[in-house]
Amino acid sequence: MKSRIIRTAFFQRDPITCARDLVGTELIWDDCAGKIVETEAYLAKNDEACHTFSRPSAREFVQRNKAGTAYIYFSYGAHWMLNALVKGEADGFVLIRALKPLRGINLMKKRRGLDDERQLCSGPGKLTQAFDITNRHHEIDLCAEPRHCFAHRPAEVDVVADARIGITRSAHHPWRFTERGSKFVSRRVKS
DNA sequence: TTCGTGATAGAG
DNA sequence: TCTATCACGAAG
């Protein structure tokens, strides 16, 4: 039977293409799973919002690891952010920003202390809390084990591109990708 | 709209 | 040592 897990080659292209193509795929993490409805692309070069612009440790991370590796960092003293390393035609990251919960929903509710499914994973810090993703997962290969991976789903999705949010530098690039009409995104798409 | 939070990096 | 900065979330 053919595997539906997304393999390393997927991340050996460029961050913008990868970010767009990840919308509509499934994130599988232990007993939880969700459909990705929002991502953002960050470029290692010529992108002031990318960690590689101001953080030597991020540049070393790119050097040291292969495509499809998890880049996880702590933000604002409270939240973990999940990114996938892209290394190919261009280097960079894809930030996973929001999911529609599919499996392990009761576990997510418990971890988040909430009942509303729309609020479980509607933001990069929320989904890591719901999935219990922390720095212990930093630098793991997301294309190797079936318990921490991305997987294709049968249905095609309609993807919208607009400006990244929550950043100040290089904020004009249309590198945020969302599933059209999804109620599970972190913030409504500007119309 | 505001504010807490802690890691990182660069300046002094 | 000190300080600015930050890809956030929750309360109000």
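Reminder, nothing fancy here: chain letters follow the sequence lines and each chain counts from 1.
At a non-hydrogen distance threshold of 4.0 Å, nothing from residues 157-183 of chain A comes into contact with DNA chain B. Sorted by residue number, the members of residues 33-45 of chain A with any non-hydrogen atom under 4.0 Å from DNA chain C read Tyr42(A). Within a heavy-atom distance below 4.0 Å of DNA chain B, the residues of residues 75-84 of chain A found are Tyr76(A), Gly77(A).
Between Arg13(A) and Asp21(A), some side-chain heavy-atom pair lies under the 4.5 Å cut-off. You'll find the side chain of Phe177(A) reaches within 4.5 Å of the side chain of Ile16(A), heavy atoms only. Residues Val189(A) and Arg176(A) have side chains in contact (heavy-atom distance under 4.5 Å, counting atoms from C-beta outward). Residues Arg180(A) and Thr178(A) are not in side-chain contact: their nearest non-hydrogen atoms beyond the backbone lie 4.5 Å or more apart.
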When you look at Cys121(A) and Lys126(A), which way does the side chain to side chain contact (heavy atoms under 4.5 Å, CB included) test go after all the steps? CA-CA 5 Å; Cys121(A) 300; Lys126(A) 298 178 185 178; 5.6 Å; no

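Put simply, chain A comes within 4.0 Å of DNA chain C, heavy atom to any atom, from dC6(C) to dA10(C), going 5' to 3'.
With sequence neighbours left out, Phe74(A) forms a ring-ring contact (aromatic ring centres under 6.0 Å, His included) with Trp80(A).
The ring of His51(A) has its center no closer than 6.0 angstrom to the ring center of Tyr42(A).
Checked by atom type and distance alone, the side chain of Glu40(A) pairs as donor or acceptor with a backbone atom of Ile165(A) at under 3.5 Å. For Glu38(A) (side chain) and Ser186(A) (main-chain N/O), a donor-acceptor pair under 3.5 Å exists by modelled atom type. Using a distance-only test at 3.5 Å, with no hydrogens or angles considered, no donor-acceptor pair links the side chain of Glu139(A) to the main chain of Ala70(A).
Pairs engaging residues 65-80 of chain A under the salt bridge (Lys or Arg N to Asp or Glu O under 4.0 Å) rule: Lys66(A)-Asp141(A) [sequence neighbours left out]. Residue pairs meeting the salt bridge (Lys or Arg N to Asp or Glu O under 4.0 Å) criterion with at least one member in residues 112-123 of chain A: none, sequence neighbours excluded. Listed by first then second residue, pairs satisfying ring-ring contact (aromatic ring centres under 6.0 Å, His included) with a partner in residues 87-136 of chain A read Tyr71(A)-Phe93(A), not counting sequence neighbours. For residues 163-175 of chain A, the side chain to side chain donor-acceptor pair (under 3.5 Å) pairs, not counting sequence neighbours, are Asp47(A)-Arg164(A). Within the structure, ring-ring contact (aromatic ring centres under 6.0 Å, His included) contacts touching residues 11-39 of chain A (residues at least two apart or in different chains) are Phe11(A)-Phe150(A), Trp29(A)-His137(A), Trp29(A)-His148(A).
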Which letter, B, S or -, goes with each nucleotide of nucleotides 7-12 of chain B from 5' to 3', with contact meaning a protein heavy atom under 4.0 Å? -SSS--

Which string of ( ) [ ] | and . matches DNA chain C, if you list each base 5' to 3' and count Watson-Crick or G-U pairs only when both distances are under 3.5 Å? ||||||.||||.

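Of all heavy-atom pairs spanning Cys32(A) and Gly104(A), the tightest one is SG-O, 3.9 Å.
To the nearest 0.5 Å, the span separating CG on Asp91(A) from CG on Leu85(A) amounts to 7.0 Å.
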